[in-house]
Amino acid sequence: MKILYCYGKFKPELVKGYDLVVVEAAHFFPSNIRVLKANNKKVIAYISLGEVNRYAAHFEKLQQSTLGKNEIWDSYYLDIRKEQTQSTLLQLMKGLFDQGYDGLFLDNFDNFNQWGPQKAHKEAFIAFVKRIRETYPTKFLIQNAGIELVPQTYPWVDALAVESVVTDYDFKTKKYRLRAAKQYQSYREELLQLYAKYKLPTHLIEYAESSELKNHIAKELEDTPFDFFIGSISLQKLPQNTK
């Protein structure tokens with residue numbers, strides 16, 4: 001499966017032949033989506049389920065449904081228990097589908113796992129994921145991270161995305177690197193066991209710039225059932241190497 005993840009703005013006519021393309025909808029008009037859909041099988045829009053940025057178009061509607069600030073990303077945690085939060089997000093999703101998107105990349109699942117800042121609202125979050133599926137039964141839904149939740153969420157999503165399994169970007173030195181061997185093998189085995197049990201298609205999003213590192217990633221993953229994507233850490237530009 002040939003996949004593309006890119007949250008930056010690019011010319012739609014440059015992207016062709018992908019099975020699945022994930023984009024940031026704010027950069028594209030419906031006419032752009034039509035071009036992408038004509039040249040690729042599925043076009044998916046990013047959406048955050050756990051947080052909202054104050055510059056987002058729907059921030060005003062959700063401002064009274066926030067629970068504090070994520071200082072790292074300059075965003076606000078959403079109270080997923082509130083009907084106002086859920087109905088606003090569902091309305092936002094409808095708008096994306098009306099523009100022509102085939103599905104959604106659902107972000108922030110890891111916010112609701114046992115280590116996440118919204119862990120106390122895990123059950124409400126899982127119920128909302130189920131509600132999304134029931135509201136849009138034919139749309140393609142991708143769960144981002146939160147692998148601890150897969151035993152409860154797998155019936156409601158079509159695929160799982162996991163970042164940095166082989167690679168481990170160093171944000172302090174701003175260098176691309178491999179994970180420590182033991183750490184990688186443990187992570188890989190966990191994902192393989194999860195896949196064997198739940199049969200949830202899995203996309204690995206890896207970060208590299210050098211040909212040497214890209215080739216190493218491809219070699220490591222060639223014997224796995226996972227589809228993978230290799231790009232720069234910002235995901236703002238089109239990648240040079242995909243499977």
Side-chain angles (χ1 to χ4, degrees), residues 5-10 12 21-37 42-113 115-146 149 153 156-158 161 163 233-237:
Y5 281 78
C6 185
Y7 302 144
K9 188 175 183 179
F10 57 83
V21 177
V22 179
V23 302
E24 170 56 70
H27 297 310
F28 302 99
F29 296 107
S31 58
N32 301 140
I33 304 309
R34 287 194 291 272
V35 172
L36 284 172
K37 285 171 64 68
K42 282 187 174 68
V43 182
I44 308 297
Y46 171 96
I47 186 171
S48 171
L49 297 185
E51 302 177 23
V52 63
N53 187 288
R54 64 191 180 95
Y55 300 108
H58 57 292
F59 177 72
E60 188 174 339
K61 291 183 179 179
L62 292 176
Q63 191 170 5
Q64 301 305 313
S65 298
T66 58
L67 295 169
K69 189 175 183 180
N70 181 338
E71 297 290 347
I72 296 175
W73 296 106
D74 192 25
S75 58
Y76 295 83
Y77 297 115
L78 291 173
D79 189 345
I80 203 67
R81 300 167 299 176
K82 289 189 175 183
E83 175 59 28
Q84 173 69 14
T85 302
Q86 296 193 17
S87 60
T88 298
L89 289 174
L90 288 170
Q91 184 179 19
L92 180 62
M93 293 172 192
K94 182 181 183 303
L96 292 170
F97 294 141
D98 287 345
Q99 290 179 52
Y101 288 98
D102 301 300
L104 302 168
F105 179 83
L106 306 173
D107 199 13
N108 301 135
F109 273 68
D110 51 348
N111 281 22
F112 298 89
N113 67 22
W115 302 283
Q118 292 156 284
K119 60 185 177 182
H121 305 153
K122 182 180 78 170
E123 296 306 321
F125 176 74
I126 292 170
F128 180 53
V129 175
K130 180 182 179 183
R131 182 180 179 184
I132 296 171
R133 167 55 71 209
E134 291 174 342
T135 304
Y136 301 109
T138 64
K139 301 302 181 181
F140 196 87
L141 304 178
I142 303 174
Q143 169 177 333
N144 185 35
L149 306 183
T153 58
W156 321 122
V157 297
D158 298 290
E163 295 180 79
I233 190 66
S234 67
L235 294 178
Q236 293 296 307
K237 58 184 180 181

Checklist entry - When rounded to the nearest 0.5 angstrom, what distance separates OG1 in Thr153 from CG in Leu141? => result 11.0 Å

Checklist entry - For Phe140, what residues pass the ring pair (Phe, Tyr, Trp, His ring centres under 6.0 Å) criterion, not counting sequence neighbours? => result none

Checklist entry - So which pairs with a foot in residues 47-72 pass ring-ring contact (aromatic ring centres under 6.0 Å, His included), sequence neighbours left out? => result Phe59-Tyr76

Checklist entry - Is Asn111 close to Glu51 at the side-chain level, that is, under 4.5 Å between some pair of heavy atoms? => result yes

Item to check | Separation of Lys9 NZ from Asn32 CG (nearest 0.5 Å) | outcome: 8.0 Å

Checklist entry - Between Leu96 and Ala25, which heavy-atom pair has the shortest distance, and what is it? => result CD2-CB, 3.5 Å

Tell me which donor-acceptor pairs under 3.5 Å the side chains of residues 80-87 have, and how far apart each pair is, sequence neighbours excluded?
from: Arg81; atom 1: NE; to: Asp79; atom 2: OD1; distance (Å): 2.8
from: Arg81; atom 1: NE; to: His121; atom 2: NE2; distance (Å): 3.3
from: Arg81; atom 1: NH1; to: His121; atom 2: NE2; distance (Å): 3.3
from: Arg81; atom 1: NH2; to: Asp79; atom 2: OD2; distance (Å): 2.9
from: Lys82; atom 1: NZ; to: Gln64; atom 2: O; distance (Å): 3.2
from: Glu83; atom 1: OE1; to: Arg131; atom 2: NH1; distance (Å): 3.1
from: Glu83; atom 1: OE2; to: Arg131; atom 2: NH2; distance (Å): 3.2
from: Gln84; atom 1: NE2; to: Lys61; atom 2: O; distance (Å): 3.1
from: Gln84; atom 1: NE2; to: Thr88; atom 2: OG1; distance (Å): 3.4
from: Thr85; atom 1: OG1; to: Asp79; atom 2: O; distance (Å): 2.8
from: Gln86; atom 1: OE1; to: Arg131; atom 2: NH1; distance (Å): 2.8
from: Gln86; atom 1: NE2; to: Ile80; atom 2: O; distance (Å): 2.9
from: Ser87; atom 1: OG; to: Glu83; atom 2: O; distance (Å): 2.8
from: Ser87; atom 1: OG; to: Gln84; atom 2: O; distance (Å): 3.3

Item to check | Lys94 atom NZ, neighbour heavy-atom count above 12 within 6.0 Å | outcome: no

Item to check | Gap between atom CD1 of Ile47 and atom CG of Asn144 - 0.5 Å precision | outcome: 13.0 Å

Item to check | Nearest heavy-atom neighbours spanning Ile44 and Phe105 | outcome: CG2-N, 3.3 Å

Checklist entry - Looking at the rings of Phe109 and Phe125, which for Trp means the six-membered one, are their centres under 6.0 Å apart? => result yes

Checklist entry - Rounded to the nearest 0.5 Å, how far does CZ of Phe128 lie from CG of Leu78? => result 9.5 Å

Item to check | Gln99 to Phe28 - nearest heavy-atom pair and separation | outcome: OE1-O, 4.1 Å

Next on the checklist: For Asn113, give me all partners under side chain to side chain donor-acceptor pair (under 3.5 Å), at least two apart in sequence or on another chain.
Outcome noted: none

Item to check | Neighbour count >12 (heavy atoms, 6.0 Å) for atom CD, Glu60 | outcome: no

Item to check | Minimum-distance pair of heavy atoms, taken over all atoms of Ala161 and Tyr5 | outcome: CB-OH, 3.8 Å

Item to check | Name of the residue among Lys42, Arg133, Lys139 meeting salt bridge (Lys or Arg N to Asp or Glu O under 4.0 Å) with Asp158 | outcome: Arg133

Checklist entry - Heavy-atom distance under 4.5 Å between the side chains of Phe10 and Leu36, does that happen here? => result yes

Checklist entry - Is Leu90 close to Tyr136 at the side-chain level, that is, under 4.5 Å between some pair of heavy atoms? => result yes

Next on the checklist: Distance check, rounded to the nearest 0.5 Å: Asn108 atom CG versus Ser75 atom OG?
Outcome noted: 7.5 Å

Checklist entry - For residues 116-127, which residue pairs qualify under salt bridge (Lys or Arg N to Asp or Glu O under 4.0 Å), counting only residues two or more places apart or in two chains? => result none

Item to check | With Tyr77 via ring pair (Phe, Tyr, Trp, His ring centres under 6.0 Å) - residues at least two apart | outcome: none

Item to check | Distance, nearest 0.5 Å, that separates CG of Leu104 from CE of Met93 | outcome: 5.5 Å

